[in-house]
There are 2 protein chains.
Amino acid sequence: MGVSKTEIFTAQQNTIALFAKVIGHPARVAILQQLFKLNSCVCGDLVLEIGLAQPTISQHLKELKNLGLIKGNVEGTSVCYCIDQENWSKMKELMSEFLNQDIQSNGSCC
Amino acid sequence: MGVSKTEIFTAQQNTIALFAKVIGHPARVAILQQLFKLNSCVCGDLVLEIGLAQPTISQHLKELKNLGLIKGNVEGTSVCYCIDQENWSKMKELMSEFLNQDIQSNGSCC
DNA sequence: AATATTAATCGTAATATTGCAATATATAAA
DNA sequence: TTTATATATTGCAATATTACGATTAATATT
């Protein structure tokens, strides 16, 4: 069907999946890395840096913004984007907790 | 197009995206959590636990296996799955490095 | 006001993902 | 050897994602 059955999972599972999904595209990884590198960055610079068309970058920025990982400020005709550090930290917390899980049983593995 | 332009990104960016993508579905998050909880788990138990059809679970397991995050051993008619701890650690390392990035510039944010 | 600049949105084509019924495969048990 | 059990594979329908050209919107500049 192409649509996930989110209702059968916990809120935490769905949230982890949503954050992972938005990082699950190399263009968005590249955008985030660039924003960490430059602190703030105008949309047009990302288009040049990354090499995808302007509407495509704009779409990826929108997804990152929807999840709160970045924020954008209008500056004249350009829009300046940067990491939303507070939300990034929250996401990092959630993902780290998931990644750092330990095997909870001592039964031998297969 | 539906197809990512992976060739314009670095290997690291593509790898991060691939790992994030496979975690980007709540069913796979749930499977991984269950495997951490029980150490090893038979496919059929995951079907019961998670509540998706057997072919669907089987497909998700395949994706996790393709990326090396889990491994499966045949035990009679069942297949026992567990976390591949070595590869999980490598993935964790890569993702943590990405998540723990710090702003590298002191220019003010927008 | 007219024009240039920048980014967002719309529309669309190509492809990927999700989920499951039906079927195939492989081993165990009778 | 037949039958039961467990998992994988196939095929398909519904939906989502990716990418971009064309256009729109919004502000700056002349």
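Fair warning: this is a prediction, and the values are worked out from it, not measured in the lab. Per chain, numbering begins at 1; letters A, B, ... match sequence-line order. What you see below is based on every heavy atom in this structure, not just the backbone, and it leaves out hydrogens, waters and symmetry mates.
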*Asks:* Once you round it to whole Å, what is the distance between P of dA16(C) and NZ of K21(A)?
*Replies:* 16 Å

*Asks:* Can you tell me how far OG of S96(A) sits from CD of Q101(A), rounded to the nearest 0.5 angstrom?
*Replies:* 12.0 Å

*Asks:* Quickly work out the I57(A) CD1 to dC20(D) P distance and round it to whole Å.
*Replies:* 9 Å

*Asks:* Mapping D45(A) and T77(B) onto DNA chain C by nearest heavy atom, which one lands closer to the 5' end?
*Replies:* D45(A)

*Asks:* So what's dT30(D) paired with, Watson-Crick or G-U wobble, going by both distances under 3.5 Å?
*Replies:* dA1(C)

*Asks:* In whole Å, what is the span from the OH atom of Y81(A) to the C1' atom of dA7(C)?
*Replies:* 7 Å

*Asks:* Measure NE2/H25(B) against P/dT15(D) and give the value in whole Å, please.
*Replies:* 15 Å

*Asks:* When the distance from CD of E63(B) to C1' of dT9(D) is rounded to whole Å, what number comes out?
*Replies:* 14 Å

*Asks:* Return no unless some side-chain N or O of K5(B) is found under 4.0 Å from OP1 or OP2 of dC20(D).
*Replies:* yes

*Asks:* Measure from CG on L18(A) to C1' on dT17(D) and round the result to the nearest Å.
*Replies:* 15 Å

*Asks:* Which nucleotide in the list dT6(C), dT9(D), dA22(D) gets nearest to the side chain of S78(A)?
*Replies:* dT6(C)

*Asks:* Expressed in angstrom and rounded to an integer, what is the separation of L61(A) atom CG from dT9(C) atom C1'?
*Replies:* 14 Å

*Asks:* Taking NZ from K65(B) and P from dT9(D), how many angstroms apart are they, rounded to a whole number?
*Replies:* 8 Å

*Asks:* Quick one: label S58(B) by what it contacts on the DNA or RNA (base, sugar-phosphate, nothing), any heavy atom closer than 4.0 Å.
*Replies:* base

*Asks:* Which comes earlier along DNA chain D counting from the 5' end, the contact point of G51(A) or that of G76(A), where each point is its nearest nucleotide?
*Replies:* G51(A)

*Asks:* T56(A) near the nucleic acid: base, sugar-phosphate alone, or nothing, with a heavy-atom cut-off under 4.0 Å?
*Replies:* base

*Asks:* Just wondering, are more than 12 heavy atoms of other shown residues or ligands nearer than 6.0 Å to CD in E86(B)?
*Replies:* no

*Asks:* Can you find an N or O donor on one side and an acceptor on the other, under 3.5 Å apart, linking the side chain of Q54(B) with the base of dA6(D)?
*Replies:* no

*Asks:* For the side chain of V42(B), starting at C-beta, report the closest nucleotide among dT7(D), dG11(D), dC10(C).
*Replies:* dT7(D)

*Asks:* Hey, does the side chain of W88(B) reach the backbone of L99(A) with a donor-acceptor pair shorter than 3.5 angstrom?
*Replies:* yes

*Asks:* Does a nitrogen or oxygen in the side chain of H60(A) sit under 4.0 Å from OP1 or OP2 of dT17(D)?
*Replies:* no

*Asks:* Carefully, step by step, assess V42(A) and S78(A) under the rule side chain to side chain contact (heavy atoms under 4.5 Å, CB included).
*Replies:* CA-CA 6 Å; V42(A) 162; S78(A) 9; 3.7 Å; yes

*Asks:* Determine whether Q54(B) and Q59(B) make a side-chain contact, defined as any pair of heavy atoms from C-beta on separated by less than 4.5 Å.
*Replies:* no

